Each structure stands twice: as structure tokens, then as C-alpha cells.
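What's counted below: heavy atoms across the whole structure, side chains too, no hydrogens, waters or symmetry copies. Note that the structure is a prediction, hence the values are computed from the model and not measured. Order of the sequence lines fixes the chain letters, A, B, ..., with proteins taken first and strands second; residue numbering starts at 1 for each chain.
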Amino acid sequence: MSKDKKQIYKPKAISGFPEWLPEERLIEQQWLDHIRRVFESYGYTSIETPAAEEIDVLTAKGETDKEIYTLTRLQADDSDKREARIGLHFDQTVPLARYTAMHFNELDFPFKRYAMQKVWRGERPQLGRMREFYQCDIDVIHVDHLPLHFDAEMPAVIYEALSALDIGRIQIKISNRKILLGLLDAMGVEDTIPVTRTVDKLDKLGPEEVTKLLMNDCGLSKDHCEKILHLTTVSGVADIRAITPDNDQMKEGIEELAFVLDQLSHLPEGVIKADLSIVRGLDYYTGTVYETRLLDIPEFTSSVCSGGRYDDLAGSYINKHLPGVGISIGFTRLFDVLRHHGYIKAHKKCPTDVLVILPDEDMRAETAKVAQALRAGGHNVEVYHAPQKIGKQIAYAEKKGIGYVWFPDLGEVKNLASGTQEKANATTWKAK
RNA sequence: GCGAUUGUAGCUCAGUGGUAGAGCACUCGGUUGUGGUCCGAGCUGUCGCGGGUUCGAUCCCCGUCAGUCGCCCCA
């Protein structure tokens with residue numbers, strides 16, 4: 001090595017594009033594996049779509065709010081301008097719609113699919129808000145008519161997927177947009193999006209502030225505001241059924257919501273909560289909507305998982321009527337916020353269960369044989385790379401969180417947590 | 001995109017108008033092969049970048065870039 005200073009480019013983390021240490025990644029993968037198993041246990045099938053879509057596909061539904069990252073070559077020249085402009089997908093619903101439209105004849109309906117991929121949004125990053133993150137989505141799409149039972153299946157699956165992650169109590173709030181939209185229609189309110197966005201902020205701003213915004217920014221009368229806010233306080237199947245609808249749309253919403261809640265009554269008390277203040281600011285949801293809170297993690301204030309029903313998912317891409325319902329876990333948000341606040345306890349830095357000591361260069365073959373026997377017994381096994389001092393080899397195992405050290409020369413295994421060491425047979429021994 | 005705040009070793013942070021320190025981490029050692037504690041030694045920095053003021057700036061001023069938080073929006 002030369003004594004001259006090496007020229008180094010000091011790398012900086014790209015904000016909003018997270019990466020984890022090995023011990024964190026290990027847990028992330030366990031979580032993803034668990035979620036995948038739950039999704040599959042309900043018959044959802046995996047598809048993977050490309051990271052990039054044509055800009056026209058991405059914007060077909062008028063999603064101008066979501067900042068789309070576009071893809072260009074660094075060496076782009078005039079010939080590139082003739083090519084289709086492409087961008088990274090900002091969710092998995094738009095790719096699903098495109099996919100369903102393109103493979104319509106080859107798919108079987110109702111099409112139940114899950115997807116666990118990264119998505120990209122060019123927003124300002126913050127804790128719990130990334131520019132690159134995983135979403136774990138399930139959606140069901142059918143032709144012409146999708147039974148309401150699926151609206152009830154979404155929260156049931158999500159409850160199972162999340163409740164095993166050791167993140168405390170989950171609460172899934174459910175509403176039906178037809179109720180509020182029906183009310184607004186009966187009131188003669190035409191521009192509904194600002195109203196729904198404002199109502200959606202109820203738990204953050206409180207009723208007074210929301211009333212003020214509704215009157216000042218949305219031009220609603222005090223009377224109307226009161227009616228809307230009163231509606232948002234209703235919860236429980238009985239109370240929902242007791243609402244007097246102002247029109248057919250409201251009536252439909254009430255019946256649908258009551259039905260979905262009924263279907264979910266088998267879940268533990270408190271998991272499902274009807275909350276008519278949940279409307280979602282997004283305009284493409286047409287019926288049932290979901291939002292999920294973590295009741296035992298006070299630092300986690302945003303929704304970890306949300307979704308809803310859309311009347312016509314792929315209408316922009318195919319001349320068919322394809323209603324769907326879906327829900328999405330904001331996986332990276334969930335993982336990162338919990339990690340940041342110390343709720344995720346990582347111990348192991350590698351998947352290794354047993355480190356086999358290499359006592360001596362001459363023992364490599366023997367050591368490899370022991371390792372192979374242990375692997376055959378279902379263990380993850382690493383052999384130390386050099387015949388260094390035993391203390392050093394043990395320290396390596398300790399640092400990496402490996403639970404056991406095997407001494408092939410002694411035929412003994414040492415439990416690092418307890419410090420005990422005993423004779424053992426590599427083919428029959430089992431880690432605890 | 002708007003507003004606020006920050007930018008010194010791998011990490012967390014001190015510090016001064018005269019070219020820098022601690023803790024942690026890391027490496028080696030503590031009588032010739034069994035970790036975690038303890039002790040000793042060692043290693044590490046264009047003090048974000050560019051310009052200005054000054055005899056001289058990491059410290060003052062301007063700009064810039066980047067991070068963080070809030071808003072917006074959302075997973």
C-alpha cells in the first residue's frame with residue numbers, strides 16, 4: 001500500500017431510500033415471510049410487475065398528486081425522445097390494473113393476488129415517509145360484480161398478518177364512503193374531494209378546526225358541518241343501522257358497512273372499529289375504506305395499512321367493468337418507525353446457528369464433515385475461516401449473535417448464552 | 001413545493017479567530033488455543049462545499065449542497 005492518501009468519495013445516505021444492517025434485515029425478512037404465508041393461506045397468488053411503467057399508464061387515472069420518478073438514460077439523445085416515456089410505479093394498484101387488463105383472458109376471476117414490492121414516490125422524506133418503500137398488497141378483482149364478502153376478508157387477512165409481528169394491538173377502522181358522499185350529494189355539495197380530505201383530518205385537528213375549514217375553505221354551512229360531524233361520531237353496527245339515509249347512496253353505504261361489520265364479528269373485541277370519519281382523501285375509493293392504527297405504539301401516528309373498494313379498477317386500460325377491493329401494508333413505514341423507536345429488538349447478525357471451530361489447519365476436512373452433519377440436522381452452520389486462537393473464534397461467534405460453538409476436536413458444543421459446554425453428536429444434536 | 005433547524009473522527013457529540021478533542025466502535029496485547037467484564041496500547045478527520053472579511057477561519061459574513069422536523073400528501 002502506498003503511503004499517499006487514497007482519493008475516496010465519501011458516500012452519503014440518499015435520504016428516503018432506506019437500507020438496513022444485517023441484524024435488522026434478518027427481522028425484516030422474517031416479517032415479510034410471515035405476511036407472505038398469511039396472504040397465501042387465504043389463496044392469494046403472487047405476481048410481480050416491473051418497477052417501471054409507461055408514464056401514460058401511471059397517469060391514466062389522473063394521479064397527479066403522487067410525484068412520479070421518471071427514468072431516462074444519462075446519455076439520452078434525440079433518439080430517446082421517440083421512445084415511450086417511463087417512470088417508476090408509485091403504488092401497486094395501477095400496475096395491477098394494467099396487468100389485469102393485459103392478461104384478462106388468461107386470468108381466472110375473481111382474481112386474488114398479492115404483491116410485495118418496492119414503490120417510489122418523489123416526496124419530501126421524513127421518518128415514516130420514504131421515497132422508496134415496500135408495500136404488501138392484497139387485492140381481489142372480479143368481472144362486473146364483486147361480492148361484498150371480500151370487503152370483509154381484507155381486514156381479516158390483515159389482522160392475521162399484523163398480529164403475529166409482536167407490535168401490540170391492531171385496530172382496523174372501517175367505513176363506507178357512500179355514506180358521507182351520499183350525504184354530501186343530498187346537501188348539494190359538488191366538489192367532494194376537499195370536503196373528504198378535510199373530514200379525514202378529524203382525529204388530527206379536532207372537530208372545531210375541521211368545522212372552521214369546512215366552512216371557510218369548502219363553503220359549507222354551519223348546519224351542514226354539524227350534520228357531517230355528527231355522522232362521524234357514529235360507530236357500532238346498531239347505530240349505523242339507525243342512521244336515517246337522505247338518499248339511496250347513503251342507504252346503500254349503510255347497508256354495506258353493516259354487512260361488512262357483521263361478517264367480521266368473529267374477530268377479537270376491539271380489532272375492528274366502524275369509524276365514519278375515515279373517508280380517505282383519495283377519490284378512487286367508492287365504497288368500503290380501511291385504515292389501521294397501532295394502539296400500543298404511541299409514536300406511530302399514521303396509518304400502517306389502508307385501502308378500500310374501487311368500482312372499476314382497470315376501466316382506463318380495457319373496455320370491461322372490473323370492480324375490486326384491496327388493502328396495502330405500508331411495510332417500510334411500519335418497520336422503520338418501529339425500528340427507530342426501539343421496538344424492534346435485533347440480536348442475531350446472521351442466520352448462523354452454530355459456528356464450528358477450526359482448531360488446526362489439518363482439521364479442515366474433519367471440520368467440514370461436522371458442519372455438513374449439523375446442516376443435515378437442519379441447522380445453519382458456519383465454519384471459522386482460519387485456525388486462529390480459540391478465544392478469537394468464540395469472540396467472533398459472540399459478536400455475530402451465533403448461539404453455539406462446536407469443537408470438532410473435542411466433540412463438544414458450547415452454548416454461548418449459558419456458558420455450558422457438553423459432549424454431543426453432530427448428526428443427532430439439536431439446537432434449542 | 002413552502003416553513004423551521006442542523007452540518008466537527010465509522011457512530012453520538014464537545015470545542016476554540018492562530019490549522020482539533022471525548023465516549024463508543026475498531027485493531028493488538030494482558031505468560032504459548034475457550035467469548036462476554038476489566039486494564040494497557042494503537043488507529044482514524046480536506047471541522048459539508050464555494051466565496052468573502054482577516055496577518056490568519058473549523059469558529060464571523062454570504063452563497064450553495066445535504067440531513068432532520070413541520071406543512072402538503074400519503075403506506
Which nucleotide, if any, forms a Watson-Crick or G-U wobble pair with C73(B), using both distances under 3.5 Å? none

Which value, in whole Å, describes the distance between the P atoms of nucleotides C59(B) and A20(B)? 14 Å

Side-chain N or O of Gln126(A) closer than 4.0 Å to phosphate OP1/OP2 of G70(B): yes

Given atom CZ of Phe17(A) and atom C1' of G67(B), what is their separation to the nearest angstrom? 15 Å

Could you tell me whether His149(A) and Phe259(A) have their ring centroids closer than 6.0 angstrom? yes

Taking the side chain of Ile390(A) as its heavy atoms from C-beta onward, which of G33(B), C28(B), G70(B) lies nearest to it? G33(B)

Does a side-chain N or O from Ser15(A) land closer than 4.0 Å to OP1 or OP2 of U68(B), or not? yes

Who does U34(B) pair with, Watson-Crick or G-U, both distances under 3.5 Å? none

Walk me through it: do Tyr343(A) and Glu299(A) pass the test side chain to side chain donor-acceptor pair (under 3.5 Å)? CA-CA 10 Å; Tyr343(A) 288 97; Glu299(A) 298 92 337; 2.8 Å; yes

Shortest side-chain distance from Arg197(A), nucleotide among U34(B), C69(B), C73(B): C73(B)

Assuming nearest nucleotide by heavy-atom distance, tell me which of Glu412(A) and Gly16(A) is located more 5' along RNA chain B. Glu412(A)

In whole Å, what is the span from the CZ atom of Phe90(A) to the C1' atom of C74(B)? 12 Å

Please give, in whole Å, the distance from C74(B) P to Ile327(A) CD1? 16 Å

Of the listed nucleotides (G67(B), C74(B), C69(B)), which one gets closest to any side-chain atom of Arg131(A)? G67(B)

Between G10(B) and G17(B), how many Å separate the two C1' atoms, rounded to a whole number? 30 Å

Below 4.0 angstrom, N of the basic side chain to O of the carboxylate: do Lys414(A) and Glu412(A) qualify? no

May I ask you to check whether Phe133(A) and Phe331(A) place their ring centers less than 6.0 Å from one another? no

After noting the C-alpha distance and the side-chain angles of Glu28(A) and Arg25(A), does the key distance pass the salt bridge (Lys or Arg N to Asp or Glu O under 4.0 Å) rule? CA-CA 5 Å; Glu28(A) 182 183 43; Arg25(A) 171 62 175 164; 2.9 Å; yes

Pick the P atom in C69(B) and in U31(B), then give their distance to the nearest Å. 49 Å

In whole Å, what is the span from the NZ atom of Lys392(A) to the C1' atom of U34(B)? 15 Å

Ranking C71(B), G35(B), U34(B) by distance to the side chain of Glu398(A), first place goes to G35(B)

Under 4.0 Å, heavy atoms only, any strand: does Ile329(A) hit a base, just the sugar-phosphate, or nothing? nothing

Would you indicate, yes or no, if U27(B) has its OP1 or OP2 atom less than 4.0 angstrom from a side-chain nitrogen or oxygen of Lys399(A)? yes

If the cut-off is 4.0 Å, is Lys389(A) near the phosphate of G35(B), judged by side-chain N/O to OP1 or OP2? no

Value in whole Å for how far the P atom of G35(B) lies from OH of Tyr396(A): 18 Å

With heavy atoms under 4.0 Å as the rule, sort Val304(A) into base, sugar-phosphate or nothing. sugar-phosphate

For the P atoms, the ones on U19(B) and on U58(B), what distance do you get once it is rounded to whole angstrom? 11 Å

Can you find a donor-acceptor N/O pair under 3.5 angstrom joining the side chain of Gln421(A) to the base of U34(B)? yes

When the C1' atoms of G30(B) and G35(B) are considered, how many whole Å apart are they? 16 Å

Whole angstrom value for the distance that separates C1' of G33(B) from OH of Tyr384(A): 12 Å

Option from Tyr44(A), Tyr310(A), Tyr114(A) for which side-chain hydrogen bond (donor to acceptor under 3.5 Å, both in side chains) with Asp139(A) holds: Tyr310(A)

Just call it for Phe331(A): base, sugar-phosphate, or nothing, with non-hydrogen atoms closer than 4.0 Å on any strand. nothing

May I ask you to check whether Trp429(A) and Tyr404(A) place their ring centres under 6.0 Å from each other? yes

Distance check, P atoms only: U27(B) and U44(B), in whole angstrom units. 16 Å

Can you check the Arg129(A) CZ to G67(B) P distance for me, whole Å? 13 Å

A9(B) pairs with, by Watson-Crick or G-U criteria that keep both distances under 3.5 Å: none

U34(B) C1' sits how many Å from Leu410(A) CG, rounded? 9 Å

Rounded distance in Å between the P positions of A57(B) and U12(B): 29 Å

Nucleotide forming a Watson-Crick or wobble pair with U68(B), both distances under 3.5 Å: A4(B)

C55(B) to G70(B) separation - C1' atoms, rounded to the nearest Å: 45 Å

Within the structure, does a side-chain N or O atom of Lys201(A) lie under 4.0 Å from either OP1 or OP2 of C73(B)? yes

Which base, if any, makes a Watson-Crick or G-U wobble pair with G63(B), both distances under 3.5 Å? C49(B)

Show the nearest heavy-atom pair for residues Val354(A) and Thr352(A), with the distance to one decimal. O-CG2, 3.2 Å

Of the listed nucleotides (G35(B), C26(B), C73(B)), which one gets closest to any side-chain atom of Ile394(A)? G35(B)

Is Pro359(A) touching bases, backbone alone, or none of the nucleic acid, heavy atoms closer than 4.0 Å? base

Would you kindly check whether a donor in the side chain of Arg124(A) faces an acceptor in the base of C73(B), or vice versa, at under 3.5 angstrom? no

Considering Watson-Crick and G-U wobble pairs with both distances under 3.5 Å, what does U54(B) pair with? none

Minimum-distance nucleotide (side-chain atoms of Asp360(A) versus G33(B), G35(B), U34(B)): G33(B)

